[in-house]
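Counting starts at 1 for both ligands and their atoms, in listed order. The figures here come from the full heavy-atom set of this structure, side chains too, leaving out hydrogens, waters and symmetry mates.
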Amino acid sequence: MSNYLIDRLLAPRERSEKPFLILPDDSVMTYREFASGVNRVANCLVAGGLVPGDRVAAQVPKTWRTLALYLGAVKAGGAFLPLNGAYTAGEVGYFVENAEPRFLVCDPAALAALAPLMPSADSVLTLDADGGGTLTDAADVCGDAFNAVPRDADDLAAILYTSGTTGRSKGAMLTHDNLWSNAEVLTGSWRFTEDDVLLHALPVFHTHGLFVASNVLMVAGGRMIFLPGFERDAMIRNLPRATSMMGVPTFYTRLLDDPRFDRDLVGHIRLFVSGSAPLLAETHVAFEERTGHRILERYGMTETGMNTSNPYDGDRRAGTVGPALPGVEIRVVDPETGATLPAGEIGMVQVRGPNVFPGYWRMPEKTAEEFTEDGFFITGDLGTLSEDDYLTIVGRGKDLIISGGYNVYPKEIELVLDALPGVGESAVIGVPHRDFGEGVVAVLTGDSPPSEEQVRELVSDQLARFKQPKKVFHVDALPRNSMGKVQKNVLREQYAHCFDKT
Ligand code: MLC
Ligand code: AMP
């Protein structure tokens, strides 16, 4: 047995002198140099006691070393567990308690707050925005050769946490083959080759930036302009030397807002991909008018990787997410009966394929609830298939807000708000936001509910900034239906324009 993912993703290029990463200071890192970095990390983790199956959690800034940590952990037989840098120590505490990682790698600035979460000082390492820290110190004195620890197609390669409708986050377990099969299919479907240069400005703690973007470029043998995040001037500066870009819709609306973003700037680009949140058809149209490019929209999830994609050749239809990718099955069913619906009817989207995860970490009941008997994953998204199998996502059966590509589950926020002094009850909704697609809004009842500013202050230890309500409203009572359920649709309508001037 070999290491399934590493053998396919990295091993073929381990000795290649071709460029892999163009770093923020414009220096170039070859595949060989990167693979050496991966090996040093793997050696360092094993020397520190990592055994196959152990988790390696990381809440670190985005640098090439973050990618090396991901693959170093996998090559050493472990599972990578990346965490959003915006999470508070309280939020990280839950993930650590739930996943029991062997190592937690964090920004040195967060060390004092996070170290107490781990059982011993030697299980905490640091990595900063310049690539320095105790992980780097330890890795740099390790050898740059490492025999990959054997791992099978069905072994765990990563755990990515997604919030749940009940407020408790669930760790989606992703296997070597989940990651490999999806990367291989996407590379072919989107025609990535070693001539490609991807402008990479997404975070690498989510499926989109970590697996879709980085894995695909490795499969193709292409290179990435690896930026620490989305910053408009850096995007404008780098677009002319890229052949492709992947982004959430906010990337596209922000670029369109910049007069420098025009046809000439993107003359060298062959492909723009959008996903993680709905791209408005009007953005698609405005983008084509400005640049001559039709954005290729695709649809995926943490639990499944990518499920559907508009075609590379052929009709990229605005407002749709395209047909199922090769090897992936999509069906739309009646949420009540489970019966497959004919084309044109709206129902629950279900997916099956090698990309679909085996389940949630240590939550067999939750896993069972979200799969059908014949092995389809119930996505929680509502959609409809056309006669020629293009999927359109029309809404969500799950109570979820997607803000700038980050998921926010209202229940998690409501549990925190309900516990604040002066609050009777709360309802959290997502309403249209020009920049983030949806913005988080809280509606509170109670004798003397806290103001918007007070809410942000009071929840700052418990909720990452992107989850905090950007607007807070006070009402005497929440609207309810005859069953006593809060009518969020009424609230969404009532506050639909509250961000219009933002
Ligand atoms: C930042 N802020 C956000 C936010 N991002 N608020 C709501 N939603 C967001 N997404 C807040 C900050 O807390 C801060 O608040 C203020 O906005 C400015 O912060 P910033 O750091 O300057 O923002 P910026 O760097 O511009 O970030 C915006 C962004 C970023 C859109 C570039 O959010 C981003 O990179 N999103 C991509 C998410 C992603 O990769 N999703 C993929 C999930 S995978 P304050 O109050 O402090 O001023 C997935 C599967 C699939 O879904 O299909 O791909
Ligand atoms: P996550 O849990 O972060 O992986 O988010 C997955 C969710 O993002 C999906 O269930 C969809 O609701 C949403 N999503 C991803 N891509 C798209 C898209 N292209 N259009 C609409 N929604 C999308």
Worksheet item: N/O of Thr302 under 3.5 Å from N/O of ligand 2, yes or no?
Response: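 Yes.
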
Discussion item. Could you work out, for atom 21 (C) of ligand 2, the closest of Pro278, Ser274, Ser163 by heavy-atom distance?
Written reply: Pro278

Fill in: Heavy-atom proximity to atom 20 (N) of ligand 2, best of Met306, His206, Arg298, Glu297
Glu297

Worksheet item: Stepwise, does the ring pair (Phe, Tyr, Trp, His ring centres under 6.0 Å) test hold for Phe211 with Tyr70?
Response: CA-CA 10 Å; Phe211 302 139; Tyr70 149 48; 5.7 Å; yes

Worksheet item: Below 4.0 Å from any atom of ligand 2, is there a heavy atom belonging to Asn407?
Response: yes

Worksheet item: For ligand 2, is there an atom lying under 4.0 Å from some heavy atom of Lys398?
Response: yes

Exercise answer, ligand 1 polar atom pairs (N/O) under 3.5 angstrom:
| from | atom 1 | to | atom 2 | distance (Å) |
| --- | --- | --- | --- | --- |
| ligand 1 | 6 (N) | Lys470 | NZ | 3.0 |
| ligand 1 | 8 (N) | Ser403 | O | 3.4 |
| ligand 1 | 8 (N) | Ser403 | OG | 2.6 |
| ligand 1 | 10 (N) | Ser403 | O | 2.8 |
| ligand 1 | 26 (O) | Arg254 | NH1 | 2.6 |
| ligand 1 | 26 (O) | Arg254 | NH2 | 3.3 |
| ligand 1 | 36 (N) | Gly404 | O | 3.0 |
| ligand 1 | 41 (N) | Gly405 | O | 3.0 |
| ligand 1 | 46 (O) | Arg465 | NE | 3.3 |
| ligand 1 | 46 (O) | Arg465 | NH2 | 2.8 |
| ligand 1 | 47 (O) | Arg465 | NE | 2.9 |
| ligand 1 | 47 (O) | Arg465 | NH2 | 3.3 |
| ligand 1 | 53 (O) | Arg298 | NH1 | 2.8 |
| ligand 1 | 53 (O) | Gly300 | O | 3.3 |
| ligand 1 | 54 (O) | Ser276 | OG | 2.6 |
| ligand 1 | 54 (O) | Arg298 | NH1 | 3.4 |
| ligand 1 | 54 (O) | Arg298 | NH2 | 2.7 |

Item to complete: Among residues two or more places apart or on two chains, list those pairs meeting ring-ring contact (aromatic ring centres under 6.0 Å, His included) that have a residue in residues 323-358.
Response: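 As it turns out, the ring-ring contact (aromatic ring centres under 6.0 Å, His included) pairs with a partner in residues 323-358, which skip direct neighbours, are Phe357-Tyr360, Phe357-Phe371, Phe357-Phe377.
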
Worksheet item: Under the 3.5 angstrom rule, does the side chain of Lys398 hit a backbone N or O of Thr379 as a donor-acceptor pair?
Response: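 Such a contact is found between Lys398 side chain and Thr379 backbone.
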
Practice prompt. Starting from atom 12 (O) of ligand 2, find the nearest protein heavy-atom neighbour and note its residue, name and distance.
Written response: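 It is Asp381 OD1, 2.6 Å.
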
Discussion item. By the salt bridge (charged side-chain N to carboxylate O under 4.0 Å, His left out) test, which pairs, at least two apart or in different chains, include something from residues 339-361?
Written reply: Glu329-Arg352

Worksheet entry | Pairs involving residues 330-343, ordered by first then second residue, that meet salt bridge (charged side-chain N to carboxylate O under 4.0 Å, His left out) (sequence neighbours left out) |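 Passing the test, one end in residues 330-343: Arg331-Asp374.
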
Item to complete: Sort out for me which residue in Asp388, Asn310, Thr392 forms a side-chain hydrogen bond (donor to acceptor under 3.5 Å, both in side chains) with Arg317.
Response: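 It is Asp388; the other options fail the test.
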
